[in-house]
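Report on the structure given below.
Naming: A, B, ... by sequence-line order, numbering from 1 per chain.
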There are 2 protein chains.
Amino acid sequence: MKDSIASELRGMLVFARVIDSGNFTRAAKTLGISRAVTSYQVKQLEKRLGVQLINRSTRALSLTSAGKLYYDKCKVIAEQAESAHQMIENLKADAVGRLSISCPVHLGLQWVVPLATAYRRRYPQVELELNLSESISNLVQDGIDLAIRSGPLADSELRSTKLATVSRHICASPDYLNLRGWPQSLNELDKHEWIVYHRLGNQLTLTRDDKDYSIKMTGTLRTNNAAARLQFALSGMGLAVLPHYDAAKAFNSGQLVELFPDYHLPPLELYAVFPDGIEKVKASRLMIDMLKNSPP
Amino acid sequence: MKDSIASELRGMLVFARVIDSGNFTRAAKTLGISRAVTSYQVKQLEKRLGVQLINRSTRALSLTSAGKLYYDKCKVIAEQAESAHQMIENLKADAVGRLSISCPVHLGLQWVVPLATAYRRRYPQVELELNLSESISNLVQDGIDLAIRSGPLADSELRSTKLATVSRHICASPDYLNLRGWPQSLNELDKHEWIVYHRLGNQLTLTRDDKDYSIKMTGTLRTNNAAARLQFALSGMGLAVLPHYDAAKAFNSGQLVELFPDYHLPPLELYAVFPDGIEKVKASRLMIDMLKNSPP
DNA sequence: TTCATTGTCAAAATTATACTGACAATAAGT
DNA sequence: ACTTATTGTCAGTATAATTTTGACAATGAA
C-alpha cells in the first residue's frame with residue numbers, strides 16, 4: 001500500500017481522537033498507545049497532506065483552519081468505521097439483515113417455503129431471499145449465504161452441518177401393482193418398471209438385519225426433477241424411491257403403498273452448506289436451527 | 001493500536017476495491033499491491049469481524065449478505081477518505097476555506113482591515129477571521145493561521161516571512177514645538193518630553209552616514225497602545241517615534257512635522273508567522289502576497 | 001486434452017509501528 | 001522566583017505488521 005489513501009486513515013483516526021481528547025496524552029491513553037506514537041501519527045499525516053493541522057504548544061492545542069475542516073471529515077469517518085463494525089456485531093447478535101438461501105426446487109417447495117413463512121413471521125427484520133435451483137455450481141456466483149444440499153459438499157472453502165436425515169421408501173400406486181403384480185420378494189423386482197431419479201444412478205442398496213441386498217433399477221422413465229418423479233409414481237408409471245416427505249402424504253391418502261418396508265434404503269442426508277462465519281450471524285443460525293428442528 | 005477500529009480501515013478499503021474491481025487481481029493492480037496482500041488483507045478483515053464477506057471460488061466472487069451490507073459502509077468511507085484528502089488538495093490549489101489572522105490592533109486597523117476588504121472582494125470563497133490583539137501568547141490557543149507581528153518570532157515550531165519594512169520617524173506637532181522650542185541638534189533632545197511606546201524601551205539609536213547616535217527618551221507619558229501614542233503626539237504632548245503609516249498622513253496634513261529627517265531609525269520589521277505548511281494553502285499564500293505587495 | 005488465469009499459501013524480506021526513557025517548554029502552586 | 005508536575009517531541013531500539021516472491025491447486029476457455 002504505497003501512497004494510497006489507506007495510509008492516511010490511521011492517522012485520521014488518531015488525529016480526530018487528539019482533537020476530541022484535547023491533548024495528545026489523553027488521546028494516547030484512550031487509544032491504548034503511547035504518547036510518542038500519537039505524536040508520530042499526526043505528524044506523519046500532516047507531512048503527507050503537506051499542511052499542518054494542529055497548532056501545538058507544550059500546553060495547548062488548536063486547530064488550523066485546514067485542520068478544522070479536515071477534522072470534521074475525520075470525525076465522520078471515525079464514526080462510520082465504528083458503525084460498520086457495530087453493524088456486523090449486530091448481525092451476530094440480533095436477527096437482522098438479509099439471508100439468501102439456495103435449495104433444490106422440490107425440497108424447497110415442500111420444506112423450506114413453509115418454514116420460511118414461519119421464520120419471516122417470527123423474525124420480521126430479516127430480509128429473506130429463497131433461491132430454488134437444482135444447480136449447485138452457481139452457489140458462489142449468486143451470493144448464497146446458506147445452501148441446502150443432499151450429501152455433504154466436499155468443498156474445503158465451505159463449512160457444512162447436517163440438517164436432517166430423511167428415510168427413503170420404495171413406493172408404487174395400487175393401480176400399478178394391481179396391473180403388474182405385487183412383488184413378494186426382491187427377486188421379482190426386476191420384472192417391474194422403475195421411475196429413476198437421474199442424479200442417483202440406478203443401483204440400489206437395501207439393508208435388512210445388517211445384511212445388504214443390491215438391486216438394479218430397470219426402467220425407461222427417467223427424470224432429473226423430483227416433483228416429476230412423484231407425479232409419475234402417483235400416476236402409476238412404476239416403482240419409485242421416494243423420500244419420506246413425498247411418500248408420507250401419499251401413504252396416508254392411499255395413493256401410494258410402500259413395498260418391502262422391512263428393508264431400509266440409505267437415507268437422504270440433508271446438509272446446510274455456508275461460508276465460514278455465517279453460523280455466527282444470528283439470522284443464519286436461527287434458520288439453521290429452525291431447519292434442524294422441523295425436519296421435512 | 002492494539003485492536004481498535006483503525007486496524008480494520010485498511011482492510012475495508014481493500015475489500016471495497018476488490019468488490020469494485022470484481023476480482024482480487026484487478027483490485028491488487030489498481031491498489032498497486034500484490035495479489036497476495038490483497039487476499040491477506042481481506043482475510044484479515046473477515047477474521048477480525050468473525051464473518052466471511054466474500055464467497056470465493058477461483059474464478060468467481062460474490063458477496064455474502066453480511067458482505068453486501070458491509071460493502072456499502074466501506075464504499076462510503078473510501079469515498080469520504082478520498083474526499084477529505086481532496087479537500088486539502090483543494091485548499092492548496094484554490095482560494096477556498098477559512099483563514100484566521102491575528103494582528104496588533106492599531107496596525108490591523110490601519111493596514112489589514114482595508115486589505116482584508118479587498119481580499120474578500122477578490123476571493124469571496126475564503127472565510128476571513130481577523131483577530132485584533134496585542135497579546136502574542138494566545139496565538140496557538142486561538143487557532144490562528146497567520147499572525148502579523150513586528151520582529152521575527154523566535155519560535156522553532158512556527159515559520160515566518162518578512163512582510164514589510166516600515167521606516168520610523170521622530171515626530172512632533174508644530175504647536176508643541178513652538179511651545180518647547182524646535183531642537184536644532186540631538187543634544188537638545190533631552191530637554192523634551194517623549195511619548196514612549198511601552199514595548200520598545202526608552203533607548204533610541206539613530207544612524208547617519210553609517211554612524212550611530214544613541215539617545216535616551218525621557219518623559220512621563222507611556223502607553224502600550226499605538227493608537228493612543230499617535231493621539232498623544234497629535235495633541236502636542238511631546239515627541240514620538242511613529243511608524244511611517246501613522247506619520248505620513250499627519251505630515252501631509254501638517255498636523256505633525258518630522259525632526260532630524262537625515263537621521264534614520266531602525267525600521268519596524270513586520271513578519272507573518274504561521275504553522276508549517278500554511279504557506280502551501282492558497283488562501284494564506286494569497287494573503288501573504290497581498291500584504292507584501294501593499295505595505296502599510 | 002492443454003493453456004492461461006485465478007486466489008491462496010508459506011517463508012523471507014522489508015517496512016511500519018510501538019515502546020522506552022530521555023528532553024525542553026510550559027503552567028500551576030507555593 | 002522557585003519548585004513540581006505535565007506536556008509534546010525526539011532518538012534509539014524492539015516488535016509487529018505488511019509485503020514480496022515463488023509456488024500451488026482449482027478453474028474455465030480454447
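- Ion pair E46(B)/K43(B) not flagged as a salt bridge, since none of the NZ, NE, NH1 or NH2 atoms sits closer than 4.0 Å to an Asp/Glu carboxylate oxygen.
- In this structure, CG of L31(A) is placed 15 Å from C1' of dC19(C), rounded to the nearest angstrom.
- Not a single donor-acceptor pair, N or O on each side, falls under 3.5 Å between the base of dG8(D) and the side chain of R56(A).
- Taking the charged nitrogens against the carboxylate oxygens, E269(A) and K162(A) do have a contact shorter than 4.0 Å, which makes a salt bridge.
- At the phosphate of dC9(C), neither OP1 nor OP2 sits under 4.0 Å from any side-chain N or O atom of Y40(B).
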Run the numbers on D145(B) and S65(A) for side-chain hydrogen bond (donor to acceptor under 3.5 Å, both in side chains), then give the verdict.
CA-CA 7 Å; D145(B) 297 314; S65(A) 290; 2.3 Å; yes
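- Distance, I19(B) CD1 to dG7(C) P: 11 Å, rounded to whole Å.
- Note on the helix from dT1(C)-dA30(D) to dT30(C)-dA1(D): terminal axis deviation equals 40°, with five pairs used at each end and the result rounded to 10°.
- For S34(B), the side-chain atoms get nearest to dT21(D) when compared with the rest of dT18(D), dT21(D), dG7(C).
- Closest approach of V96(A) to A283(A), counting heavy atoms only: O-CB, 3.9 Å.
- Q44(B) places its CD atom 11 Å from the P atom of dT19(D), with the value rounded to the nearest Å.
- Counting heavy atoms of neighbouring residues, nucleotides and ligands inside a 6.0 Å radius, atom NZ of K29(B) does not exceed 12 of them.
- Interatomic distance, CG of L128(A) versus CE of M287(A), reported as 4.5 Å (0.5 Å rounding).
- For L45(A) and dG8(D), the CG to C1' distance is 17 Å, given to the nearest whole Å.
- In this model, the phosphate group of dC9(C) is approached by a side-chain N or O of K43(B) to a distance below 4.0 Å at OP1 or OP2.
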Given Y40(B) and I33(B), is the side chain to side chain contact (heavy atoms under 4.5 Å, CB included) satisfied, shown in steps?
CA-CA 11 Å; Y40(B) 168 80; I33(B) 59 181; over 6 Å; no
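- Contact between the side-chain N/O atoms of Q41(B) and the OP1/OP2 oxygens of dA17(D) is not found at any separation under 4.0 Å.
- Within residues 21-30 of chain B, the residues approached by DNA chain C to less than 4.0 Å at the level of any non-hydrogen atom are N23(B), F24(B), T25(B), in residue-number order.
- Atom pair L61(B):CG and dT8(C):C1' shows a separation of 13 Å (rounding to whole Å applied).
- Atom C1' of nucleotide dG8(D) and atom CG of N55(A) are separated by 14 Å, given to the nearest angstrom.
- Listed here is the closest heavy atom pair of F15(A) and C74(A): CD2-SG, 3.8 Å.
- Rounded to whole Å, atom C1' of dG8(D) lies 14 Å from atom CD1 of I33(A).
- Counting all heavy atoms, side chain and backbone alike, V51(A) lies closest to A66(A) at CG1-CB, 3.7 Å.
- Checking the phosphate oxygens (OP1, OP2) of dG21(C), no side-chain nitrogen or oxygen of R35(A) falls inside 4.0 Å.
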